[in-house]
Amino acid sequence: MSKRPSMREMLEKKDKQKGKEDRLEKGDFLALLIAASSTFWPILLGAIVILALLIFGWNAIFA
């Protein structure tokens with residue numbers, strides 16, 4: 001029976017070279033910020049809308 005690889009083994013970089021560092025290229029940090037914000041803001045706004053609907057619904061029913 002084959003053993004499943006651990007999470008650490010799956011996440012490790014396969015082609016490691018000793019003495020080398022991974023560095024971001026020019027513009028990579030900005031690209032990461034844009035990608036993170038385009039994912040985070042719609043989720044945050046959706047959560048706020050759902051919370052607002054729950055509050056207004058609660059007030060409409062019990063007030």
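The figures that follow rest on heavy atoms only: side chains count, while hydrogens, waters and symmetry mates do not. Owing to the predicted nature of the structure, the values given are computational and were not obtained by experimental measurement.
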Calculate, to the nearest 0.5 Å, the distance between atoms [atom1] and [atom2] belonging to [X] and [Y] respectively.
X	Y	atom1	atom2	result
N59	I55	CG	CD1	8.0 Å
L53	W58	CG	CH2	15.5 Å
F40	L45	CZ	CG	9.0 Å

Does W41 share a hydrophobic cluster with I48, counting links as ILVMFWY side-chain heavy atoms below 4.5 Å and allowing steps through other members?
->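 Yes; I48 is reachable from W41 via cluster members.
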What's the shortest heavy-atom distance between S38 and A35, and which atoms?
->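 Closest heavy-atom pair between S38 and A35: OG-O, 3.0 Å.
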Heavy atoms only: give me the nearest P42-S37 pair and the separation to one decimal.
->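 Closest pair (atom of P42, atom of S37, distance): CD-O, 3.9 Å.
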